[in-house]
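What you see is a predicted model, and the numbers here were worked out from it, not measured in a lab. Reminder, nothing fancy here: chain letters follow the sequence lines and each chain counts from 1.
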2 protein chains.
Amino acid sequence: MKAGQTRQRILDTAAAWFRHEGLAFTSMADLAKFIGVKTSSLYYHFESKDSLIEETLRLGIELVHNEVRQAVESLGPGATHRERIRAAILAHLRTILGDNDYSSANIINYSHAPVNVRQKNREVRAAYGRYWASLLEAAQRDGAIAKDMDLSIARMLLIGALNWTVEWYSPKGKTPDEIADQCSRIFFDGVGLGAAPSKAKSAAPKAKSPRGSR
Amino acid sequence: MKAGQTRQRILDTAAAWFRHEGLAFTSMADLAKFIGVKTSSLYYHFESKDSLIEETLRLGIELVHNEVRQAVESLGPGATHRERIRAAILAHLRTILGDNDYSSANIINYSHAPVNVRQKNREVRAAYGRYWASLLEAAQRDGAIAKDMDLSIARMLLIGALNWTVEWYSPKGKTPDEIADQCSRIFFDGVGLGAAPSKAKSAAPKAKSPRGSR
DNA sequence: GTCTATAGATAGATAGAC
DNA sequence: GTCTATCTATCTATAGAC
């Protein structure tokens with residue numbers, strides 16, 4: 001088999017195993033067995049397990065970055081900021097919750113990767129973060145986001161809400177599109193009604209006294 | 001040394017290592033060395049590494065659950081739903097970003113834990129989720145959350161935004177209180193102004209054409 | 001309760017034949 | 001490019017002395 005093909009199979013298999021089993025529970029022997037080669041063959045294509053991890057994680061970021069950018073740009077120049085950010089949210093969610101394993105593998109494993117791997121991934125991650133920052137900054141500049149809103153916090157909270165879906169999303173539950181819709185709505189308008197805060201009537205029915213109920 | 005003391009030291013050390021190194025990169029030998037005993041001594045106090053993991057993770061959930069519940073209940077019955085949920089957000093963030101290692105260790109490692117460990121933690125996790133659900137349901141019942149808002153999605157997105165802070169929070173940056181403030185504001189009112197959506201003027205200055213810019 | 005000693009398994013990685 | 005064979009390290013866990 002040609003080098004490029006085998007190399008690609010190793011990457012694809014690694015992404016899938018990293019996504020579903022995690023970095024530590026995926027051994028080189030697991031990958032080799034799944035692919036149908038011997039462990040030593042993997043080292044012809046990759047210098048080490050770390051380098052395999054590094055490339056897999058990098059491809060995951062590049063994939064979601066490309067998907068999000070394309071989704072936003074395909075809206076054309078006439079789109080509103082809300083539409084653009086909504087498209088970014090949707091593309092991000094579809095990518096990390098979809099069949100492609102690379103992006104979800106990155107999200108799930110990045111913080112557990114060896115330091116040298118994280119270091120090599122830092123720039124591609126930062127580039128993706130900057131893209132989101134540019135979306136939010138443009139929206140704030142044009143008044144679609146309140147002037148006194150801290151964009152770095154807002155961005156990290158939003159990305160966090162999206163990334164955490166890999167922990168709870170199930171194909172049997174709400175679809176990525178439904179989640180994206182609601183996330184966009186909350187992000188821009190909140191769960192409230194813009195009405196005056198209502199008093200809590202019997203808000204804590206089971207609690208007899210504050211503190212020490214346990 | 002008495003059994004209870006050593007046992008507690010093992011748990012505390014494990015929580016710290018699990019938080020900062022991860023489950024897989026924390027060996028029983030690491031813990032023993034740090035504590036100043038031999039590896040075999042750990043097995044007098046814990047049946048296996050898995051059982052140590054299981055107890056550490058369980059304590060993490062119980063801790064944050066207690067902290068959040070106390071924070072909400074200490075507000076008293078006159079508090080609004082916004083105040084109650086804001087207090088829950090703040091307590092959750094303070095706990096997972098603070099000095100105590102148990103809760104952050106849980107958040108960081110739960111999805112990477114062996115299946116039998118996750119299974120044993122399922123109920124305590126579910127109980128904490130139900131508490132949050134009760135807060136949101138009460139708010140929706142009294143009109144503080146829009147009737148057509150799906151509470152399960154809203155809850156998971158909110159908890160996700162909070163939990164993901166362990167990935168990016170730095171003591172040198174924004175404080176947990178500042179993050180909590182902004183999170184509450186976004187959750188209830190969004191980043192927008194409630195105004196009509198504004199058109200994006202020159203929203204994508206660097207993009208010449210949709211698709212294919214790379 | 002903690003120790004010494006070690007079993008038994010598995011990990012990442014390399015050498016050299018083909 | 002892939003193989004067989006193997007090295008070395010490290011891991012979880014146990015047996016039995018003290």
Ion pair check, [X] and [Y], cut-off under 4.0 Å:
| X | Y | value |
| --- | --- | --- |
| B:R141 | B:E137 | no |
| A:R58 | A:E123 | no |
| B:D150 | A:R185 | no |
| A:K120 | A:D50 | no |

Can you tell me the distance, in whole Å, between the [atom1] atom of [X] and the [atom2] atom of [N]?
| X | N | atom1 | atom2 | value |
| --- | --- | --- | --- | --- |
| B:L31 | D:dC11 | CG | P | 11 Å |
| B:R9 | C:dG1 | CZ | P | 15 Å |
| A:M28 | D:dA9 | CE | P | 20 Å |
| A:L42 | D:dT4 | CG | P | 14 Å |
| A:Y44 | D:dC3 | OH | C1' | 14 Å |
| A:I35 | D:dG1 | CD1 | C1' | 14 Å |
| A:Y43 | D:dC3 | OH | P | 15 Å |
| A:I10 | D:dT2 | CD1 | C1' | 11 Å |

Does the side chain of [X] get closer than 4.0 angstrom to OP1 or OP2 of [N] through an N or O atom?
| X | N | answer |
| --- | --- | --- |
| A:S40 | D:dA5 | no |
| A:S27 | C:dA11 | yes |
| A:S41 | D:dC3 | yes |

> Out of D:dC3, C:dA11, D:dA13, which nucleotide sits closest to the side chain of B:K49?
Replying inline: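 In terms of side-chain proximity for B:K49, the closest of D:dC3, C:dA11, D:dA13 is D:dA13.
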>> Base, sugar-phosphate or nothing for A:S48? Non-hydrogen atoms, less than 4.0 Å.
In response: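 Sugar-phosphate contact only - A:S48 comes under 4.0 Å of backbone atoms but never of a base.
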>> For a quick check of understanding: with a heavy-atom distance under 4.0 Å over all strands, which category does B:K38 fall into, base, sugar-phosphate or nothing?
In response: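 Base contact - B:K38 has a heavy atom under 4.0 Å of at least one base atom.
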> Can you list the steps and then say if A:L52 with A:L11 is a side-chain contact (heavy atoms from CB on, under 4.5 Å)?
Replying inline: CA-CA 7 Å; A:L52 173 59; A:L11 282 169; 3.8 Å; yes
>> Donor-acceptor check, side chain of A:Q140 to backbone of A:M149, threshold 3.5 angstrom: yes or no?
In response: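 Yes: the side chain of A:Q140 pairs with the backbone of A:M149.
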> What does the inter-axis angle of the helix from C:dG1-D:dC18 to C:dC18-D:dG1 come out as, five pairs per end, nearest 10 degrees?
Replying inline: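 Here the helix ends are tilted 0° relative to one another.
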> Between B:F18 and B:H112, does the ring centroid distance fall short of 6.0 Å?
Replying inline: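 Ring-ring flag for B:F18/B:H112: false, centres at least 6.0 Å apart.
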